[in-house]
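Side chains are part of it too, since the values below use all heavy atoms of this structure and drop only hydrogens, waters and symmetry mates. For ligands, and for the atoms within them, numbers begin at 1 and follow the listed sequence.
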Amino acid sequence: MKKVLTKDNSVTFHNKEFDEHYHSLTGAKEEAVKKYAEPCRIAELAKSQGEINILDVCFGLGYNSAAALDAALQSNPDCIIRIIALENDQEILDQAKNLEVSFRNYELIKAIAEKHKAEKRNISLELLFGDAQEKIKEIDSDEILFDAVFLDPFSPKKCPVLWTEEFFKDISGLMKKGAILATYSCARSVRENLKAAGLEVKDGPIVGRWAPGTLAVKK
Ligand SMILES: C[S@@+](CC[C@H](N)C(=O)[O-])C[C@H]1O[C@@H](n2cnc3c(N)ncnc32)[C@H](O)[C@@H]1O
C-alpha cells in the first residue's frame, strides 16, 4: 500500500486492488471536512440537538469520522456522539494506527482501528468489520437511526456493489427524517439509485475539482 501526500499536506494511500486512492489528491483532510462533515451540518446538529448519530460507510483511515468528531466537539463539547462505521480491510485500518494527522480527535480513530470499538466520555464508536452490504443488515433501526451518513466507497466503476439501489434502501431505512447522506460521486446512475431508495437528491459542494458531490436527504 503506497503512501501519498495530498495537496493540503495530509496523507492518503493508493489501493492496488482497486487502483484508486482513498481520497482526492487535492486534499484528503479537506475532502473529509468539506465534502462530508460540513454538508451534513455536523457542527449545527451538535449544537441544536446535543446528540448525533453518524453512519460512516467505508471507514478507511477514518478521516470523515475524525472531521465529524472535531466539528461536533468544537461546537458542543458535551454533545453525545455515536458513530457506527463499516469497513472490510484491516490493512487500511492498520495504517491509521501509525498516522500523524492533524485532526484533534484522531486518537479515537486509532483506537477504533485497533479494537473496532472506542468509548470516551460522551462518545462511542463501533466498527462493524466485514462486507458493508452484509454488515448494514446487522444495524437495528429500532435501536438507532442516523442523522448523517458518509458514503465513501471506491468509485462506482470499481466498486459497483456499494452504489446499488438495494444497498441504498438499506441505508435509507436507517436514516431519520431530514437526515443527510453525503457522497463525493455525482454519477447519474448513483443519483437515480439514491432517488429509488426514497431520498431527495441535490448537488453537494464542489471541492478541489469541477464536479459537485451529491447530498441525499431522507424525506
Ligand atoms: C475511498 S476509501 C474510503 C476512505 C475513507 N472514508 C477515509 O476517510 O479514509 C473506500 C473504502 O471502502 C472499503 N471497502 C471496499 N469494499 C468494501 C466492502 N464491500 N465493504 C466494506 N468496505 C469496503 C475499502 O477498504 C476502503 O477503505
Side-chain angles (χ1 to χ4, degrees), residues 1-6 8 10-40 42 54-71 83-103 105-106 108-110 112-114 116 125-139 146 148-164 166-168 170-171 174 181-187 190 204 207-209 213-214:
M1 208 173 270
K2 197 174 143 220
K3 202 187 232 186
V4 180
L5 192 65
T6 69
D8 68 357
S10 59
V11 163
T12 191
F13 287 85
H14 178 265
N15 182 294
K16 237 182 175 170
E17 184 192 337
F18 289 90
D19 190 19
E20 283 189 3
H21 291 96
Y22 286 78
H23 300 90
S24 163
L25 296 182
T26 59
K29 186 177 178 195
E30 176 189 64
E31 184 176 38
V33 173
K34 303 263 180 214
K35 281 192 197 155
Y36 292 94
E38 285 183 4
C40 284
I42 300 298
I54 299 170
L55 176 63
D56 187 348
V57 180
C58 293
F59 182 81
L61 295 170
Y63 284 8
N64 299 338
S65 285
L69 284 172
D70 284 1
I83 299 179
I84 296 188
L86 307 177
E87 174 58 54
N88 72 346
D89 183 4
Q90 190 57 45
E91 203 185 337
I92 189 68
L93 297 171
D94 289 342
Q95 296 291 354
K97 288 188 252 169
N98 302 315
L99 276 188
E100 290 310 318
V101 203
S102 62
F103 290 109
N105 294 283
Y106 204 67
L108 276 165
I109 302 299
K110 291 184 178 186
I112 187 185
E114 183 161 355
H116 298 186
L125 298 100
E126 185 181 357
L127 188 139
L128 303 180
F129 186 78
D131 185 351
Q133 295 166 98
E134 288 166 22
K135 288 290 159 184
I136 196 152
K137 295 191 193 295
E138 292 180 8
I139 304 171
F146 296 97
V149 178
F150 304 147
L151 177 69
D152 197 10
F154 289 120
S155 69
K157 204 170 154 193
K158 297 279 174 74
C159 189
V161 291
L162 297 185
W163 300 95
T164 60
E166 190 195 347
F167 186 55
F168 292 166
D170 286 339
I171 294 176
L174 293 168
L181 172 153
T183 186
Y184 67 86
S185 174
C186 65
V190 168
V207 184
R209 57 179 204 157
T214 298

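- What sits closest to atom 24 (C) of ligand 1 on the protein, heavy atoms only, is Glu87 OE2, 3.4 Å.
- Of the inter-residue distances, the one linking Glu87 atom CD with Leu127 atom CG reads 7.0 Å to the nearest 0.5 angstrom.
- Glu30 places no side-chain N or O within 3.5 Å of a backbone atom of Asp8 that could act as its donor or acceptor partner.
- For atom 9 (O) of ligand 1, the nearest protein heavy atom (residue, atom name, distance) is Leu61 N, 2.7 Å.
- No N or O atom of Pro153 sits closer than 3.5 Å to an N or O atom of ligand 1.
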I'd like to know whether Tyr184 forms a side chain to side chain contact (heavy atoms under 4.5 Å, CB included) with Val207, so could you lay out the CA-CA distance, the side-chain angles of the two residues, the decisive distance to 0.1 Å, and finally the verdict. CA-CA 9 Å; Tyr184 67 86; Val207 184; over 6 Å; no
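- Contact annotation for Ile92 and ligand 1: only side-chain heavy atoms (C-beta onward) come within less than 4.0 Å of the ligand.
- Under a 4.0 Å criterion applied to the non-hydrogen atoms of Asn64, ligand 1 contributes the atoms 6 (N), 8 (O).
- Ranking protein heavy atoms by distance to atom 20 (N) of ligand 1, first place goes to Ala132 N, 2.9 Å.
- Below 4.0 Å from some heavy atom of Asp89 lie the following atoms of ligand 1, by number and element: 25 (O).
- In this structure, CG on Leu108 lies 6.0 Å from CG on Leu69, to the nearest 0.5 angstrom.
- Contact analysis puts Gly62 in contact with ligand 1, with a non-hydrogen atom separation below 4.0 angstrom.
- Rounded to the nearest 0.5 angstrom, Leu128 CG and Lys137 NZ are separated by 13.5 Å.
- Remark: the backbone N or O of Met1 is not paired with any side-chain donor or acceptor of Asn15 at under 3.5 angstrom.
- Of the candidates Tyr22, Phe59, Phe167, it is Phe59 that places a heavy atom closest to atom 5 (C) of ligand 1.
- The aromatic rings of His23 and Tyr63 lie parallel to each other, with less than 30° between the two planes, well short of the 60° mark.
- Nearest protein heavy-atom neighbour of atom 11 (C) of ligand 1: Cys58 CB, 3.6 Å.
- Atom numbering of ligand 1 starts at 1 in the shown order; those under 4.0 Å from a heavy atom of Gly130 are 20 (N), 21 (C).
- How far CG of Asn64 is from CD of Glu31: 7.0 Å, rounded to the nearest 0.5 Å.
- Counting heavy atoms of neighbouring residues, nucleotides and ligands inside a 6.0 Å radius, atom NZ of Lys29 exceeds 12 of them.
- Not a single heavy atom of Ser65 sits closer than 4.0 Å to an atom of ligand 1.
- Closest non-hydrogen pair, Phe150 versus Cys40, comes out as CE2-SG, 3.8 Å.
- Within ligand 1, counting atoms from 1 as listed, the ones closer than 4.0 Å to a heavy atom of Tyr63 are 7 (C), 8 (O).
- When non-hydrogen atoms are compared, ligand 1 lies under 4.0 Å from the side chain of His23 (C-beta onward) but not from its backbone.
- In terms of protein heavy atoms, atom 19 (N) of ligand 1 is closest to Asp131 OD1, 3.1 Å.
- Of all protein heavy atoms, the one lying nearest to atom 3 (C) of ligand 1 is Asp152 O, 3.2 Å.
- Nearest-heavy-atom check against atom 14 (N) of ligand 1 across Thr12, Asn88, Leu162 picks out Asn88.
- Of the inter-residue distances, the one linking Phe129 atom CZ with Leu86 atom CG reads 11.5 Å to the nearest 0.5 angstrom.
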